[in-house]
Amino acid sequence: MEIKGTDVQACGGTHVGRTGELGVIKIIKTARVKNFTRVEFCCGGRALRDYQAKHKTINQLTGQLSSSTGDLVEALGRLQ
């Protein structure tokens, strides 16, 4: 499958029979390379574990700072 304007060499070791086998897909970053957009991603269990770890960290920080997720950056700024 090709998405117009993207780098079509997206192997990275992810070989599946159907796209549904990938599970969760997390876009880490994008970068323009010549006339294409390169997408760095993780998927499946790796993406889920990354989300869970970051969610745990955010919950700990919001608890310690008595802040909501939306106000976390502001709460950290006040500490600085």
Inset, instruction - To the nearest 0.5 Å, tell me how far T30 OG1 sits from R38 CZ. - result: 12.0 Å

Legend entry - Contact check, side chains of Q52 and K56, non-hydrogen atoms, under 4.5 Å: no

Inset, instruction - Indicate yes or no: at least one non-hydrogen side-chain atom of R32 is less than 4.5 angstrom from one of T37. - result: yes

Inset, instruction - May I ask you to say whether D50 pairs ionically with K54, meaning some side-chain N is under 4.0 Å from a carboxylate O? - result: yes

Legend entry - Donor-acceptor pair, side chain of Q64 and main chain of L61, under 3.5 angstrom: no

Legend entry - Verify same cluster id: V24, F41 (apolar side-chain graph, 4.5 Å): no

Inset, instruction - Indicate if L48 and L22 have the same hydrophobic cluster label, given that clusters are the connected sets of ILVMFWY residues with side-chain heavy-atom separations under 4.5 angstrom. - result: no

